[in-house]
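I have placed the structure first, in the form of C-alpha cells, so that the comments after it can refer back to it.
Every heavy atom of this structure was used, including side-chain atoms; hydrogens, water molecules and symmetry mates were not.
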Amino acid sequence: MSLSLQSPPSATLSPLPSSSSSLQKRLAFSVGFRPSNLISHSRRSLSLICASAGFSSSLDTGLRTELDAVSSFSEIVPDTVVFDDFEKFPPTAATVSSSLLLGICGLPDTIFRNAVDMALADSECFGIDNPELKYSCMFNKALVNVGGDLVKLVPGRVSTEVDARVAYDTHGIIRKVHDLLKLYNEINVPAERLLFKIPSTWQGIEASRLLESEGIQTHLTFVYSFAQAAAAAQAGASVIQIFVGRLRDWARNHSGDPEIEAALKRGEDPGLALVTKAYNYIHKYGYKSKLMAAAVRNKQDLFSLLGVDYIIAPLKVLQSLKESVTVPDDKFSFIRKLSPQSAANYVFSDEEVKKWDQLSVASGMGPAALKLLATGVEGYADQTKRVEELFGKIWPPPNV
C-alpha cells in the first residue's frame, strides 16, 4: 500500500433503504458492517481488522489480483461493504454520521444500539429543559459514543460529521468541533484517531484552517470545483473529498459550467479531471492535504485515478478486482496515473495558484459546484433534524 493504514480517511455512508429487511442487509458506513449478527461476529471481525493492514487478496496460485495491483498505488477504502464481506475486504476507517444514527435506531439489535441508548439516558442531556437543546445534546453524545466504538473496531481514523446546519457559520462549526472533541476526550479517544467532516463552504474551509492550526484534523467534503480544492489545500485540510461520479451525473443532465465544459472539450471526464488537477496542485506546491476520490462507479474510474491518496470503491468494483488475476507478462499493465513527478510537470496559471479568498472561491465555483454543494449541505442538515426528531419520539429509553 502506498499509504499507512494508521491514518486512512473515512468514507461516506450510502443512503439507507427504507424497508427494515433491506436496511439490515445494507446498513453500512465506510468500513461496512451488517448490523444483524454483529454481536456474535464482533470478536472475529475485530481480530480480522487488527490482523490486516490492507486487503489480502492474493490467490493460492501466487498470481496477483487486480486488487493487489491497484492497492500498491492507492489506499483502497471499501464503500458500503456489508458485514459478510469482512474477510474479503477488511475495513480501514469509518464515518459516524446522522444517517448512520438513523440506521442504528431502525435496527435495535446491533452492537451500536447501546451507544445510542446511553446518549439518550445521559444525565447532562436529561437535565436540559429546552427540548431543542436537549435533543441536540443527545445527538452529539450519540455521535461520539458510536464513534468511540468504531475507533476500537478500525485501525484508521474515524471521521465525525459536523452538524451541517452550521455549514455557513465558521465560528459555529468550530464550536461544534470543540464540543465533539471534548466529548471524545471524556471517553479517552485520542485526537489523532479523529477527523471532523465539514462541508466545503467558504465558512467550512475557513473553519478547517483555524482548526488545523490547533492540531485538529479536518475532512472537507462536497468539493466539486478546483476553487474549493485549492482553497481547502491552502487551509491545510487533512483530507479533501471529491465525488467523481456526481460531477459526471451533473454533466450528463446540465450544461453551462465553465470548468466542466473545459474538461469535456479536452475529451476528459469532469470528475476525473478535477481529481487529477487537485492532486497535481497539492503535490506540486507541497500542501499536506490527502486527496480522496469518492463516488467511483467502475474499474475504469479506479484505474484512471491510480496514485491518488485514497479511493473509495463500491463492493461490486472491489469484488471484480479481487476476481481478476494479473500475470507478470500480462499485456495490460497497471500504470500510476498520479504521482509527485507528474504533478511537478503540471502547468498551472497564475490565476490558479493565487491566494484563494472568499470572493475568488465564490466566483470560481460554477453552477455544478454551487448546486451540488447546496444539495449536500441540505441533505446532511435534514438527516440531523430527523435524528433529533426521532430522539424526541423514543425518549426516554427503557429504565430512565
Side-chain angles (χ1 to χ4, degrees), residues 2-4 7-9 73-75 157 170 195-244 247 257-260 262-263 266 268-294 304-312 335-366 368-369 373:
S2 61
L3 294 172
S4 169
S7 59
F73 296 103
S74 297
E75 182 93 3
R157 290 177 288 185
T170 296
L195 287 160
F196 293 94
K197 193 173 185 179
I198 301 168
S200 294
T201 59
W202 169 256
Q203 293 81 3
I205 293 169
E206 182 66 4
S208 174
R209 181 183 68 81
L210 295 170
L211 289 166
E212 291 282 353
S213 71
E214 299 178 37
I216 299 172
Q217 299 177 108
T218 59
H219 170 182
L220 285 175
T221 189
F222 301 142
V223 173
Y224 297 106
S225 66
F226 177 73
Q228 289 172 286
Q234 290 181 0
S238 294
V239 175
I240 299 171
Q241 184 171 356
I242 295 173
F243 293 89
V244 175
L247 277 168
D257 187 291
E259 191 169 346
I260 288 178
R266 297 191 302 267
E268 299 175 359
D269 176 272
L272 299 176
L274 178 57
V275 172
T276 298
K277 189 171 184 178
Y279 176 93
N280 288 333
Y281 179 80
I282 289 168
H283 286 269
K284 185 180 180 91
Y285 297 106
Y287 294 108
K288 74 168 190 176
S289 303
K290 300 297 184 183
L291 192 61
M292 174 188 292
S304 299
L305 295 169
L306 291 182
V308 72
D309 301 296
Y310 305 108
I311 301 175
I312 302 176
I335 301 171
R336 180 169 184 171
K337 304 292 186 178
L338 304 175
S339 69
Q341 292 74 27
S342 65
N345 297 324
Y346 195 94
V347 178
F348 290 92
S349 68
D350 292 340
E351 182 70 12
E352 291 169 332
V353 299
K354 66 187 175 186
K355 176 64 178 176
W356 290 85
D357 57 21
Q358 184 172 7
L359 180 61
S360 59
V361 169
S363 62
M365 291 174 62
L373 172 62

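- The aromatic rings of Tyr224 and Phe222 lie parallel to each other, with less than 30° between the two planes, well short of the 60° mark.
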side-chain contact (heavy atoms from CB on, under 4.5 Å) between Ile282 and Asp309, worked out: CA-CA 11 Å; Ile282 289 168; Asp309 301 296; 5.8 Å; no

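- The heavy-atom pair separating Leu291 from Val308 by the smallest distance is O-CG2, 3.6 Å.
- One finds the OG atom of Ser200 at 9.0 Å from the CD1 atom of Ile242 (value rounded to the nearest 0.5 Å).
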Step-by-step side-chain contact (heavy atoms from CB on, under 4.5 Å) determination, Arg157 to Val239: CA-CA 11 Å; Arg157 290 177 288 185; Val239 175; 4.0 Å; yes

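- Considering all non-hydrogen atoms of both residues, Met292 and Ile312 come closest at SD-CD1, 3.2 Å.
- Applying the salt bridge (Lys or Arg N to Asp or Glu O under 4.0 Å) definition to pairs two or more places apart or across chains, those involving residues 269-278 are Arg248-Asp269, Lys277-Glu352.
- The closest donor-acceptor contact from the side chain of Gln234 to the backbone of Arg209 lies at 3.5 Å or more, if one exists at all.
- Expressed to the nearest 0.5 Å, how far NE2 of His283 lies from OH of Tyr346 amounts to 14.0 Å.
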Worked check of side-chain contact (heavy atoms from CB on, under 4.5 Å) between Leu306 and Ile335: CA-CA 7 Å; Leu306 291 182; Ile335 301 171; over 6 Å; no

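- Leu373 CG to Thr201 OG1: the interatomic distance, rounded to the nearest 0.5 Å, is 6.5 Å.
- Using modelled atom types, one finds a donor on one side chain and an acceptor on the other under 3.5 Å when comparing Ser360 with Asp357.
- In plain terms, the two heavy atoms of Gly364 and Glu259 that are nearest each other are O-OE1, 4.3 Å.
- One finds the CD1 atom of Ile216 at 11.5 Å from the CG atom of Leu195 (value rounded to the nearest 0.5 Å).
- The heavy-atom pair separating Ser342 from Asn280 by the smallest distance is OG-OD1, 3.9 Å.
- The distance from atom OG of Ser74 to atom CZ of Arg336, rounded to the nearest 0.5 Å, is 7.0 Å.
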Steps toward side-chain contact (heavy atoms from CB on, under 4.5 Å) verdict (Val353, Tyr285): CA-CA 9 Å; Val353 299; Tyr285 297 106; 3.2 Å; yes

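- The OH atom of Tyr281 sits 3.5 Å away from atom OH of Tyr287, with the distance rounded to the nearest 0.5 Å.
- Using a 4.5 Å cut-off on side-chain heavy atoms (C-beta onward), Thr276 and Leu338 make contact.
- The minimum heavy-atom distance linking Ala273 with Arg266 is given by the pair CB-NH2, 4.1 Å.
- Every residue two or more places apart in sequence or in another chain that forms a salt bridge (Lys or Arg N to Asp or Glu O under 4.0 Å) with Glu212 is listed here: Lys288.
- In terms of modelled atom types and a separation under 3.5 Å, the side chain of Thr218 and the main chain of Ala237 share no donor-acceptor contact.
- Using cut-offs of 30° and 60° on the angle between ring planes, the pair Trp356 and Phe226 is perpendicular.
- In terms of heavy-atom proximity, Ile240 sits nearest to Ala233 at CD1-N, 3.6 Å.
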